[in-house]
Structure formats: structure tokens, C-alpha cells
Amino acid sequence: MSILVTGGAGYIGSTVVRELVRQGEDVVVFDNLSQGHRRAVAEEATLVVGDLRDADAIQSVFRTHDIDAVMHFASHTLVGESMSEPFLYLDTNIRCGLNLMKAALEHGADRFILSSTANLFGLPDEMPITEETTIDPGSPYGESKRVLERYLYWLDRTRGMTFAALRYFNAAGAAGPNHGEDHDPETHLIPIVLEVALGQREEIVIFGDDYDTPDGTCVRDYIHVLDLAQAHILALRALEDGTSRVYNLGNGNGYSVREVIETARTVTGRDIPARIGERRPGDPAKLIADAGRIRGELGWDPEYPALADIISTAWKWHVNHPDGYDSVDARPA
Ligand code: UFG
């Protein structure tokens, strides 16, 4: 099978690409390298550098390669940024997704996996969050994913597109000691905490301690990036029966920001100075997944559910590559 992976040079996308090529799949990565890294892309995959805003560029990929299925990771993905730059999300994210869906359907690629998000749920009316929980996005970012999920729903009903919307909770951890998370600028909690442990930053600022949670800091469900990758493989195979699906992907365990910092202190054996700052706009207080549906239907069984294990894999990556992919010796530019 030939699979197009947009954003396949990014943190989660490149991890899934590695797993796909390991399973012998033919993979074409389409990435503008604005956030991704050439060196993160498995050498067995074909890398096309291009931008989804350019409808001709993505059409040309489908003309050149015989694509059966699409995995769409390329996206602006920051909750906080979407509150200050809403059009990057309400316009760009949606336009790019549409350009891709149109090109895919025009060229007969009728299986589509969308990276969706727990930020579909801003103030969830139940916890843990199931696929039936009322959708009420927490930010323009969550809204952009809701719209793309709805477009897929209608393309299923009108054009025979079969899709899986995978709603990630908080992706974390490293796929290996030479393959991990490298954003510029980094905004995510675990990498920032580990940069403090490494002495690259002075402190971690906790964004608010007056939330309605046990210790006042936000609670999230951290899921290892390799477990996310497995969910994509299972979803891709499942789409062969022509049934579209929506799944939540998390461990069902909620950890507060304080608990993450405390666990990182234990894992690294380093002092990690922290202080309380202002709330970050768009942050829901608590997001915990009920992933019972994908466990029951597809047998998904996360291998790294423990927060200490997740942080420990990320720590190995950060220690080995304190400057990220610049020091990774693979896929020379
Ligand atoms: N946080 C801090 N200080 C920091 C960074 C983060 O206190 O310096 C807090 C945030 O306020 C939040 C928690 O740590 O409560 C996790 O924040 P991240 O930025 O690591 O992740 P988010 O929960 O904001 O978002 C991530 C992905 C989104 C995805 C979401 C799903 O970036 O794409 O998880 O829950 F939608």
C-alpha cells in the first residue's frame, strides 16, 4: 500500500512514518519543514518538500505517486497560539485540510486518517471523555479540527471517503534515543521541564494554580508517541472494511502540571526550579480520555502508560541531543 503522510517530518508524523516503513509500507512524506526536520524522516520514505496551502503542489504529489491512503498530521497545533493567531487555525488549518481532501478524492485515495485533538473538548461535561462527550472546542485550534472532522463526515456520506479521526490527548515521550520531540520555539510542558533539568532554561513557569483540580494546576492525559503510532497502524488496517471511525487516544490517567514536574525530578535526578505564572488562554482545566472504544474495537493496548516511562524516554532523547535534530546523524540534508 502507498501512503501519503503530510507532516511526516514532525514529531508524531515522523514516528508513524518509521513504523509504516518498518512494516514494509511505501510512504511518501509531504512536509514544508516549517516545524518538521528532514533528519526525522525515515530514509526509506520519499520526502517531498511542499506546502498544503499550494493546491497545485499537493495535486502534483497525487499525480506523481499512486497513493491509496492519507495520514494528515501537518497542522498548526498550539492551543495557546491559536488564541492569539486565530486565522492560522480557522483559515490555514482548514484550507490546507480541504486542499488535501480534494486532491485525495480526485485521485482515488479514499482512506484518510486525521490527527484530531482532545481540545475538541473545552469544558467537558463528563470525565473521562468518551467519543460521545459533547464537542465544544476549547480554542480556535480545537475548532479547526472539529471542522475537518465534519468535512470528513460529509465526504464519507457524499463521496465514499472512509476516515478515522484520532483524537490525541497529550502526545509525549520519544520514539527512541535518536528520535524525539524538537520544536522551535518549544512550548510543550515535558520538553520544557527537561530543558530546565538540562540547564538550558532557568525555570519552568506553571501556567496557573487556581484551576478546579486537586492541586490547582491543569490535568492532562499523557500518551506515548509510540502508542499513538500503533493506533494509526491499527486504524489504517481497520479502514479496509469501509467503515469510518472516531477514536480518543489517551491512557485514562490524569497528571497535573505539578505531578509532571515532580516525576521529571525523580526521573532525571535533577533539581527543576518552578514558579507559578499566569493562566495561558485556551487551556482547559482537565482532559482525561476514555479510550475504551479503540481498545475494544481494534485491540489497542498502550505499551508505555506510566508517566515515569514516558518522561524517561524523552529524557534519553534530550540528553543525547540537547540541540535536537541538528545533532542527529541521519538523512543528510
Ligand atoms: N504548561 C505550563 N507551563 C509551560 C507549558 C505548559 O504550565 O511552560 C501547562 C499548560 O498550561 C497545560 C499543560 O502544561 O496545562 C500541558 O501543556 P502543553 O503545552 O504541553 O500541551 P497542551 O495541553 O496545551 O496541548 C497539547 C498539544 C495540542 C493538543 C492537546 C490535547 O499541543 O495539540 O495537547 O490535550 F491538542
Side-chain angles (χ1 to χ4, degrees), residues 12 15-16 71 73 77 79 113-139 141-150 152-153 156 162-173 188-190 211-215 217-239 241 243-260 263 282-311:
I12 305 172
T15 303
V16 174
M71 291 190 179
F73 296 90
T77 60
V79 174
I113 296 188
L114 174 72
S115 298
S116 189
T117 176
N119 197 260
L120 294 182
F121 309 98
L123 282 173
D125 48 19
E126 58 182 355
M127 199 65 65
I129 296 166
T130 71
E131 289 80 1
E132 306 305 327
T133 300
T134 309
I135 293 180
D136 180 16
S139 70
Y141 167 57
E143 188 68 39
S144 71
K145 295 293 185 174
R146 191 244 286 261
V147 170
L148 292 176
E149 284 197 8
R150 292 301 296 170
L152 287 169
Y153 167 82
D156 177 350
T162 307
F163 74 90
L166 302 182
R167 298 169 175 170
Y168 313 155
F169 282 59
N170 283 59
H188 294 95
L189 179 63
I190 290 177
Y211 285 93
D212 183 17
T213 59
D215 69 15
T217 66
C218 290
V219 169
R220 294 287 181 274
D221 183 341
Y222 295 88
I223 177 77
H224 198 283
V225 67
L226 283 174
D227 290 324
L228 284 184
Q230 286 311 322
H232 286 75
I233 306 291
L234 291 170
L236 181 69
R237 309 279 178 246
L239 290 187
D241 73 1
T243 311
S244 292
R245 299 138 190 282
V246 174
Y247 292 123
N248 289 350
L249 300 180
N251 280 307
N253 304 317
Y255 294 98
S256 72
V257 175
R258 283 188 203 278
E259 286 173 320
V260 169
T263 307
D283 276 345
K286 191 173 178 185
L287 296 172
I288 301 173
D290 176 340
R293 185 186 280 180
I294 187 168
R295 285 173 174 274
E297 290 184 9
L298 305 188
W300 185 57
D301 187 16
E303 255 185 77
Y304 307 95
L307 182 63
D309 293 340
I310 291 173
I311 293 180

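Note that the structure is a prediction, hence the values are computed from the model and not measured.
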side-chain contact (heavy atoms from CB on, under 4.5 Å) for Leu228 and Thr15? Distances and angles first, verdict last.
CA-CA 9 Å; Leu228 284 184; Thr15 303; over 6 Å; no
What pairs with Tyr222 under ring-ring contact (aromatic ring centres under 6.0 Å, His included), at least two apart in sequence or on another chain?
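Tyr222: no ring-ring contact (aromatic ring centres under 6.0 Å, His included) contacts found.
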By ring-ring contact (aromatic ring centres under 6.0 Å, His included), which residues pair with Phe163, not counting sequence neighbours?
none
For the residue pair Ser115 / Tyr168, report whether a side-chain donor-acceptor contact shorter than 3.5 Å exists.
yes
Just checking, any donor-acceptor pair under 3.5 angstrom between side chains of Asp136 and Thr134?
no
Would you indicate whether the side-chain heavy atoms of [Y] and [X] approach each other to under 4.5 Å?
{"X": "Arg293", "Y": "Thr130", "value": "no"}
{"X": "Ser116", "Y": "Leu166", "value": "no"}
{"X": "Leu249", "Y": "Ile294", "value": "yes"}
{"X": "Tyr255", "Y": "Thr263", "value": "no"}
{"X": "Pro284", "Y": "Asn119", "value": "yes"}
{"X": "Asp290", "Y": "Ile129", "value": "no"}
{"X": "Arg167", "Y": "Ile135", "value": "yes"}
{"X": "Ser256", "Y": "Thr217", "value": "yes"}

Are any side-chain N or O atoms of [X] and backbone N or O atoms of [Y], one a donor and one an acceptor, separated by less than 3.5 Å?
{"X": "Trp300", "Y": "Gly292", "answer": "no"}
{"X": "His224", "Y": "Leu226", "answer": "yes"}
{"X": "Asp221", "Y": "Ala289", "answer": "yes"}
{"X": "Asn251", "Y": "Asn253", "answer": "no"}
{"X": "Asp125", "Y": "Thr133", "answer": "no"}
{"X": "Lys145", "Y": "Leu120", "answer": "no"}

Could you pull out the closest heavy-atom pair between [X] and [Y], with the gap in Å?
{"X": "Gly173", "Y": "Val225", "answer": "O-CG1, 3.7 Å"}
{"X": "Val16", "Y": "Ala229", "answer": "CG2-CA, 3.8 Å"}
{"X": "Asp215", "Y": "Glu259", "answer": "OD2-N, 4.4 Å"}
{"X": "Ala118", "Y": "Leu287", "answer": "O-CD2, 3.9 Å"}
{"X": "Arg245", "Y": "Glu297", "answer": "NH1-OE1, 3.6 Å"}
{"X": "Ala235", "Y": "Ala164", "answer": "CB-CB, 4.1 Å"}

What distance do [X] atom [atom1] and [Y] atom [atom2] have between them, rounded to the nearest 0.5 Å?
{"X": "Asp212", "Y": "Lys286", "atom1": "CG", "atom2": "NZ", "value": "8.5 Å"}
{"X": "Arg295", "Y": "Leu234", "atom1": "CZ", "atom2": "CG", "value": "12.0 Å"}
{"X": "Glu149", "Y": "Thr117", "atom1": "CD", "atom2": "OG1", "value": "9.5 Å"}
{"X": "Cys218", "Y": "Arg258", "atom1": "SG", "atom2": "CZ", "value": "11.5 Å"}
{"X": "Arg220", "Y": "Ile190", "atom1": "CZ", "atom2": "CD1", "value": "12.0 Å"}

Kindly write out the residues that satisfy side-chain contact (heavy atoms from CB on, under 4.5 Å) with Arg150, not counting sequence neighbours, or none if the list is empty.
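Result, side-chain contact (heavy atoms from CB on, under 4.5 Å) vs Arg150: Arg146, Tyr153, Trp154.
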Contacts of type side-chain contact (heavy atoms from CB on, under 4.5 Å), residue Leu236, not counting sequence neighbours:
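Result, side-chain contact (heavy atoms from CB on, under 4.5 Å) vs Leu236: Met1, Ile3, Leu20, Ala69, Met71, Ile113.
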CA sep, side-chain torsions, deciding dist, call: Tyr247, Leu298, side-chain contact (heavy atoms from CB on, under 4.5 Å):
CA-CA 10 Å; Tyr247 292 123; Leu298 305 188; 3.6 Å; yes
Identify every side-chain donor-acceptor pair in residues 302-309 under 3.5 Å, counting partners at least two apart or on other chains, and give the distances.
none

State plainly whether the residues Asp241 and Arg237 are in salt-bridge range, i.e. N to O under 4.0 Å.
no
Working note: Asp301 + Asp227, criterion side-chain contact (heavy atoms from CB on, under 4.5 Å); need CA distance, chi angles, decisive distance, verdict.
CA-CA 8 Å; Asp301 187 16; Asp227 290 324; over 6 Å; no
Under the criterion side-chain contact (heavy atoms from CB on, under 4.5 Å), I'd like the reasoning laid out for Asn170 against Ile223: C-alpha separation, chi angles, the key distance, then a yes or no.
CA-CA 6 Å; Asn170 283 59; Ile223 177 77; 5.7 Å; no
Scan residues 115-139 for pairs that pass ring-ring contact (aromatic ring centres under 6.0 Å, His included), counting only residues two or more places apart or in two chains.
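Not a single pair qualifies under ring-ring contact (aromatic ring centres under 6.0 Å, His included).
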